There are 2 protein chains.
Amino acid sequence: MANDTKERLIRAGEALFRSQGYSGTGLKQLADDARAPWSSMYHFFPDGKEQMAAEILDYAAAYYARMLARGFEARPDPLDAIDAIFTGEVEILKRSGYRDGCPIASVTLDTASTVEPLRKRCGEAFASWIRTIAEGIGRSGVDEEAATELATFVLSRASKNATPLLRTGRIVHQAIEAALSNTKKTRPPHKRTRAARR
Amino acid sequence: MANDTKERLIRAGEALFRSQGYSGTGLKQLADDARAPWSSMYHFFPDGKEQMAAEILDYAAAYYARMLARGFEARPDPLDAIDAIFTGEVEILKRSGYRDGCPIASVTLDTASTVEPLRKRCGEAFASWIRTIAEGIGRSGVDEEAATELATFVLSRASKNATPLLRTGRIVHQAIEAALSNTKKTRPPHKRTRAARR
DNA sequence: GTCTATAATACGATAGAC
DNA sequence: GTCTATCGTATTATAGAC
């Protein structure tokens, strides 16, 4: 590679996707932000915006997957890892003035219904993160299914699958139940039938 | 009111925001979907797209708040209400072919960084839902703070506040902890070996 | 409140020279 | 790989008649 123009484009794109999503981001603004010439756009991404977005998503997916894996490797206790990962993300969000969220989430929400190839890639990104998190949690002795269930619970519409939402509902349910039995001992705990179905 | 053109516009806008977000939705497509004449656009929303979006967000916020409140009113047990609300949303998502998500979330993710008035409205919408949910949970005896904490945990970047993310982290932590102690008590760990994992 | 017409701009995408 | 220039279209937004 003679220079790093393509990488600058992808990096700038990831940043813009974080704060503006896919349809909110113009290619001209992107090239500007990357300090890349406009002509490089279609030189590196001859198939246009969609191809460029696909490569940005792949880049972001791999980047975060590595970050997650490292988080779990660095700490023997997965609970510590989860804490560190969350507070780390909070730090990033704060430092950006609450601008930089999750690039996959933004793109999912404004393209899942309209641009099928991108929706698919978003779904794959989330799936890979779930596998990484499930593996990390799995080390602590939670069985595989429960670990995946926990890891899935933030997953969005990108997967074209209702289980993420259902699992979120179950976890909310359990959290409430836990808070109930913690703070109000006078109340008889709920029947196991509802909470135990997982 | 002679006719209901404005309401049709707002309803169509809410639907489009669900599936395409703010920047992904064109005003002409919106007017078309609403079967409203193009001229009505700037007749009812003289300040343009931003004003229209603001009114759509207010409409959606009120609509969902009512839905939540009714959900809690209809069922004495807030746990039942949570279950019903989640499975209801899953039903909607499924029926739309996984197209229709949360209109506030979509708009938040692609405008929170760029259109301050809309970001503010999104934040207010989430805040009102949190109050409604906290009230619903509160009836079961959970104290106010715990109820608010639980209700907040899905909140996004719209609030320009890190507590939602931090609270999510805490709840994930607790969920894992709970799963851990459940596993150890109720079943032998690792029925399937890690090598057998797909 | 609705009509037709259009301005002004941004967008994604191409062309051809170097 | 980069340059300049532009095409066609879609966008948001206005103007003025009825």
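Predicted model, so just to flag it, every value in this text is computed and none were measured. In the text below, chain A, chain B and the rest are named by the order of the sequence lines, each starting its count at 1.
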Check nucleotides 8-11 of chain D against the protein and report each pair of N or O atoms closer than 3.5 Å, with its distance, or say if there are none.
none

Under 3.5 Å donor-acceptor pairs involving side-chain atoms of residues 74-87 of chain A, not counting sequence neighbours:
from	atom 1	to	atom 2	distance (Å)
A/Asp77	OD1	A/Leu79	N	2.8
A/Asp83	OD1	B/His173	ND1	2.8
A/Asp83	OD2	B/His173	ND1	3.1
A/Thr87	OG1	A/Asp83	O	3.0
A/Thr87	OG1	A/Ala84	O	3.1

Please report the distance, rounded to the nearest Å, between [atom1] in [X] and [atom2] in [N].
| X | N | atom1 | atom2 | value |
| --- | --- | --- | --- | --- |
| B/Tyr22 | D/dT12 | OH | P | 8 Å |
| A/Lys6 | D/dT2 | NZ | P | 12 Å |
| A/Leu9 | D/dG1 | CG | P | 12 Å |
| A/Met52 | C/dC11 | CE | C1' | 16 Å |
| B/Met41 | C/dA5 | CE | P | 21 Å |
| B/Arg8 | C/dG1 | CZ | C1' | 12 Å |
| B/His43 | C/dC3 | NE2 | C1' | 13 Å |

- Message: Which residues pass the side chain to side chain contact (heavy atoms under 4.5 Å, CB included) test with A/Lys28, not counting sequence neighbours?
- Response: A/Trp38
- Side-chain ion pair, A/Glu14 and A/Arg18, N-O less than 4.0 Å: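 Salt bridge: yes.
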- So does A/Lys94 pair up with A/Glu91, basic N to acidic O under 4.0 Å?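 A salt bridge is absent here (no side-chain N lies under 4.0 Å from a carboxylate O).
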- Spell out, as yes or no, whether a donor-acceptor pair under 3.5 Å connects the side chain of B/Asp110 to the backbone of A/Gly21.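 Side chain of B/Asp110 to backbone of A/Gly21, a donor-acceptor pair under 3.5 Å: no, none is there.
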- Query: Which residues pass the ring pair (Phe, Tyr, Trp, His ring centres under 6.0 Å) test with A/Phe45, sequence neighbours left out?
  - Reply: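 By the ring pair (Phe, Tyr, Trp, His ring centres under 6.0 Å) rule, A/Phe45 matches no residue at all.
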Contacts table for residues 52-59 of chain A: side-chain donor-acceptor under 3.5 angstrom, sequence neighbours left out:
from	atom 1	to	atom 2	distance (Å)
A/Glu55	OE1	A/Lys6	NZ	3.4
A/Glu55	OE2	A/Gln51	NE2	3.3
A/Asp58	OD1	A/Arg121	NE	3.0
A/Asp58	OD2	A/Arg121	NE	3.1
A/Asp58	OD2	A/Arg121	NH2	3.1
A/Tyr59	OH	A/Arg11	NH1	3.3

- Message: Both B/Asp47 and A/Ala36 contact DNA chain D. Taking the nearest nucleotide for each, which residue is further toward the 5' end?
- Response: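 Result of the comparison: A/Ala36.
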- Reported CE-to-CZ distance for the pair B/Met67 and B/Phe72, which is rounded to 0.5 angstrom: 10.0 Å
- Message: Is it the case that over 12 heavy atoms from other parts of the model lie below 6.0 angstrom from the CZ atom of B/Arg99?
- Response: no
Anything under 3.5 Å between a protein N or O and an N or O of nucleotides 14-18 of chain D, put it in a table, one pair a line.
from	atom 1	to	atom 2	distance (Å)
D/dT14	O4	B/Trp38	NE1	3.4

- Answer yes or no: does a side-chain N or O of A/Thr5 lie under 4.0 Å from OP1 or OP2 of D/dG1?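 Checking D/dG1 against A/Thr5, no side-chain N or O comes under 4.0 Å of OP1 or OP2.
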